[in-house]
Protein chains: 2
Amino acid sequence: MTENEPRGSAEGGDAVNGKTRDALRAAHLYYMQDLTMDAIAHELHTSRSSVSRLLSHARASGLVEISIHSPLDLPSRIEQEILTRHEVRAHVIPVPDHASDVDRLDRVALSAARILGQYVDSNQAIGVAWGSTMTAMSRHLVPKATHNTEIVQLNGAGNVRTTGILYASELLRRFGDAFGARVQQFPVPAFFDDPATKRAFWKERSTRRLLDLQARLDVAIFGVGSPFAEVPSHVYQGGYLERADYEGLSREGAVGDVATVFYRADGTSEGIALNERATGPDFAVLRRAPRRICVVSGRAKLPSLRGALAAGLITDLIVDEGTARALVEA
Amino acid sequence: MTENEPRGSAEGGDAVNGKTRDALRAAHLYYMQDLTMDAIAHELHTSRSSVSRLLSHARASGLVEISIHSPLDLPSRIEQEILTRHEVRAHVIPVPDHASDVDRLDRVALSAARILGQYVDSNQAIGVAWGSTMTAMSRHLVPKATHNTEIVQLNGAGNVRTTGILYASELLRRFGDAFGARVQQFPVPAFFDDPATKRAFWKERSTRRLLDLQARLDVAIFGVGSPFAEVPSHVYQGGYLERADYEGLSREGAVGDVATVFYRADGTSEGIALNERATGPDFAVLRRAPRRICVVSGRAKLPSLRGALAAGLITDLIVDEGTARALVEA
DNA sequence: AAGCCGCGTGAACATATGTGCAAGGGGCCA
DNA sequence: TGGCCCCTTGCACATATGTTCACGCGGCTT
């Protein structure tokens with residue numbers, strides 16, 4: 001199935017509306033009245049198969065929203081623990097321990113995409129980072145209609161497409177489409193070669209406009225990078241950084257990054273040279289967003305996650321079970 | 001399957017917790033990660049059938065909540081119309097026109113029970129009326145954990161059990177169970193024989209306590225009665241009213257009642273003699289509740305519904321499609 | 001007008017889910 | 001301790017749901 005984006009032109013909007021109406025009615029009958037698809041087909045004067053498709057459509061397009069609540073008296077032990085230790089609301093995604101990293105990422109991203117709907121609303125500015133985690137999420141976003149919401153790119157990314165990572169513009173577009181939001185691109189490389197170039201660029205009016213937006217985010221969504229994990233994240237494979245950069249990071253004690261900005265295990269980031277060339281927002285700026293959602297999958301990212309927590313970058317954490325368990329076992 | 005109320009004694013609460021945990025995890029895997037039940041069975045080290053049962057349990061016990069949203073740009077024409085004409089938020093339940101009255105009532109009640117969860121919360125006083133509509137609803141309530149919430153009986157009802165109508169105490173208990181709420185009974189007949197008895201009773205301290213509660217409701221839930229419909233509502237079959245009462249109502253222009261209190265087509269109720277003997281709350285009192293949810297099924301109730309709208313008794317209306325259509329076709 | 005294309009449809013098949021039933025396990029009483 | 005009862009389980013079957021495929025209906029081009 002290809003992207004179900006509306007066609008560029010006017011298109012038979014009425015046909016689409018009719019379909020949406022039918023889907024809505026089918027959904028009512030199915031989820032609220034527990035009718036069987038067969039019965040619904042009869043009421044809608046169509047075939048059972050069409051009803052099945054209508055219902056798929058209803059779920060895929062966000063007409064139907066399914067949420068899961070722990071009873072208040074039975075909060076997950078781990079989520080509770082993370083809340084008290086780090087003052088972060090955690091969503092722990094159950095994934096079997098033996099799952100492969102790819103599986104794990106996919107499953108976390110799928111859940112995260114569905115959870116995201118709870119955070120997105122009208123009249124918001126939503127910052128989105130760029131990386132394999134965000135790419136995986138973008139594939140599964142559930143549409144939700146909003147007005148006057150903007151998707152803001154948090155950090156630059158060359159126009160590369162390495163394994164499984166989309167052009168940043170494509171990724172942002174998916175977020176924009178899902179929420180009916182405008183997209184604010186940030187057409188810069190992930191890292192400048194020369195800090196002076198960055199400083200110069202930062203003074204440009206077009207850049208300032210975007211930086212201002214970044215400073216007024218309502219929600220930020222990002223993963224964490226872990227440069228020294230066994231399987232380094234794609235940013236490090238993509239040829240963005242030189243060996244010398246790595247050595248510098250290592251020497252300066254960096255354990256991870258959020259949107260290309262690096263930090264140490266204790267959460268500090270002062271004096272990490274590479275940050276002078278990075279394109280993501282300063283943590284001081286990032287922290288102005290009231291909701292900062294971090295999606296993490298895989299224990300390899302644990303040190304990096306710890307650092308991001310220490311830096312106070314995260315208000316809401318979506319994390320796979322194994323990593324969550326490791327986090328609280330310290 | 002019998003009522004799944006917790007056994008009287010302590011019982012293996014741990015077993016129940018374990019089951020809830022499993023159900024929660026199964027629900028995550030099923031609804032958030034789209035795994036098949038087979039796959040979940042594998043992850044949970046149990047059989048597929050058990051997973052099927054766990055998921056049923058998860059839905060029946062409110063762990064999973066499914067809601068349906070019209071896209072903002074496509075509000076149902078009818079609901080929109082009702083909103084602008086009556087300033088009432090409507091939920092229109094799709095039911096085929098040829099459905100029998102019993103079917104229709106069941107389907108509306110099922111939907112209403114599920115919608116109700118959106119209105120119920122902790123620390124609330126919830127008034128509940130009594131009748132066939134409420135009885136049907138009570139059968140399908142989805143549990144939702146709350147703290148410090150009370151279910152308050154709105155009007156008396158003799159201890160009769162006519163076709164399909166439960167003892168009021170049983171009905172209330174179901175609401176209480178579903179929301180983990182205390183139940184405040186109101187042990188009086190539906191109508192007193194003598195207004196003086198009512199007035200005397202109303203001065204009793206135990207009665208006053210309940211009346212005070214009724215005056216501080218957060219939510220009220222009720223149907224409408226329609227004494228002169230072809231198929232009169234059960235209150236009128238139950239032998240509560242004499243022929244003389246009907247003649248009086250007819251003479252005074254009554255078209256319906258909410259919780260035993262009658263009104264005319266224009267919404268007025270002054271001078272309707274029977275109200276002196278009724279046990280439901282004065283409309284002035286009822287209207288103090290910020291949310292007043294009315295559930296109506298069947299076109300026979302249309303005049304009565306119109307009257308209740310005119311009287312401003314309703315803030316939220318749950319109604320079958322045919323009746324809704326008739327309502328706005330005026 | 002003919003021909004082509006793309007979409008949506010329902011029938012038939014392939015999977016996935018729901019349920020009756022017999023068997024097993026564990027608490028509770030005698 | 002033995003026996004009873006009740007709840008839970010997994011199997012096998014019955015239903016319900018998802019998906020493939022061939023078809024036919026517009027809309028558009030030539």
Side-chain angles (χ1 to χ4, degrees), chain A residues 1-64 66 68 107 110 114 140 142, chain B residues 1-61 63-64 66 68 107 110 140 142:
Chain A
M1 192 181 306
T2 118
E3 305 294 314
N4 68 338
E5 51 186 332
R7 214 56 28 77
S9 66
E11 154 137 22
D14 272 356
V16 170
N17 264 3
K19 179 174 179 179
T20 301
R21 264 176 222 285
D22 280 354
L24 220 41
R25 170 174 281 251
H28 269 285
L29 296 172
Y30 191 74
Y31 291 108
M32 295 286 130
Q33 299 186 21
D34 288 344
L35 296 203
T36 162
M37 293 189 183
D38 230 344
I40 298 172
H42 203 261
E43 292 200 7
L44 261 54
H45 306 293
T46 180
S47 73
R48 202 180 50 69
S49 349
S50 296
V51 173
S52 170
R53 286 185 277 247
L54 275 179
L55 288 171
S56 300
H57 171 73
R59 280 201 65 182
S61 58
L63 265 43
V64 173
I66 300 183
I68 297 176
R107 290 172 60 166
L110 179 54
R114 287 179 169 171
H140 302 295
V142 181
Chain B
M1 192 182 307
T2 117
E3 304 294 316
N4 69 336
E5 51 187 332
R7 213 53 29 76
S9 67
E11 158 138 14
D14 273 356
V16 171
N17 264 3
K19 178 173 179 179
T20 301
R21 263 175 224 287
D22 281 354
L24 220 40
R25 169 175 283 251
H28 268 285
L29 296 173
Y30 191 74
Y31 292 108
M32 295 286 128
Q33 298 187 22
D34 289 344
L35 296 204
T36 160
M37 293 188 182
D38 230 344
I40 297 171
H42 203 261
E43 292 200 8
L44 260 55
H45 306 293
T46 182
S47 72
R48 200 181 49 69
S49 353
S50 297
V51 173
S52 170
R53 285 185 275 248
L54 275 179
L55 288 171
S56 301
H57 172 73
R59 280 200 65 182
S61 59
L63 266 43
V64 173
I66 301 183
I68 296 176
R107 291 172 62 166
L110 179 53
H140 302 293
V142 181

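Naming: A, B, ... by sequence-line order, numbering from 1 per chain.
Atom-to-atom, CZ of B:Arg48 to P of D:dA14 comes out at 14 Å; the value is rounded to the nearest Å. One can place NZ of A:Lys19 at 6 Å from P of C:dG8, the figure rounded to the nearest angstrom. Rounding to whole angstrom units, CG of residue A:Leu54 and C1' of D:dT19 are separated by 15 Å. One can place CZ of A:Arg53 at 7 Å from P of C:dT9, the figure rounded to the nearest angstrom. Per the geometry, CG belonging to A:Asp22 stands 9 Å off P belonging to C:dT9, to the nearest Å. Summarising the geometry, the separation between OH on B:Tyr30 and C1' on C:dT15 is reported as 12 Å, rounded to the nearest angstrom. Atom CG of A:Leu35 and atom C1' of D:dT15 are 16 Å apart (whole Å). C:dG18 atom P lies 11 Å from atom CD1 of B:Ile40, rounded to whole Å.
Comparing the axis of the opening five pairs of the helix from C:dA1-D:dT30 to C:dA30-D:dT1 with that of the closing five pairs yields an angle of 20°, rounded to 10°.
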Could you give the side-chain donor-acceptor pairs of residues 49-56 of chain A under 3.5 Å, partners two or more places apart or in another chain?
| unit_1 | atom_1 | unit_2 | atom_2 | d |
| --- | --- | --- | --- | --- |
| A:Ser50 | OG | A:Thr46 | OG1 | 3.4 |
| A:Ser50 | OG | A:Ser47 | OG | 3.2 |
| A:Ser56 | OG | A:Ser52 | O | 3.1 |

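Look at B:Ser50 and you'll find a side-chain N or O under 4.0 angstrom from OP1 or OP2 of D:dG10. Between A:Ser47 and C:dA11 there is no side-chain polar atom (N or O) within less than 4.0 angstrom of OP1 or OP2.
Between the side chain of B:Ser49 and the base of D:dC11, at least one donor-acceptor pair of N or O atoms lies under 3.5 Å.
Between the A:Arg114 side chain and the A:Ile66 main chain, no donor and acceptor come within less than 3.5 Å of each other.
Environment of NE2 in A:His140: crowded, with over 12 heavy atoms of neighbouring residues, nucleotides or ligands closer than 6.0 Å.
For the atom pair CG (B:Leu63) and CZ (B:Arg21), the distance works out to 11.5 Å, reported to the nearest 0.5 Å. The line from CG of A:Asp22 to NE2 of A:His45 is 10.5 Å long, rounded to the nearest 0.5 Å.
Distance from the side chain of A:Ser52 is smallest for D:dT19 among the nucleotides D:dT9, C:dG18, D:dT19.
Residue A:Ser56 is out of contact with every strand shown, counting any heavy-atom pair closer than 4.0 Å.
Using a 4.5 Å heavy-atom threshold, the side chains of B:Leu29 and A:Arg107 count as touching.
Pairing each heavy atom of B:Arg25 with each of B:Leu44, the nearest pair is CD-CD1, 3.6 Å.
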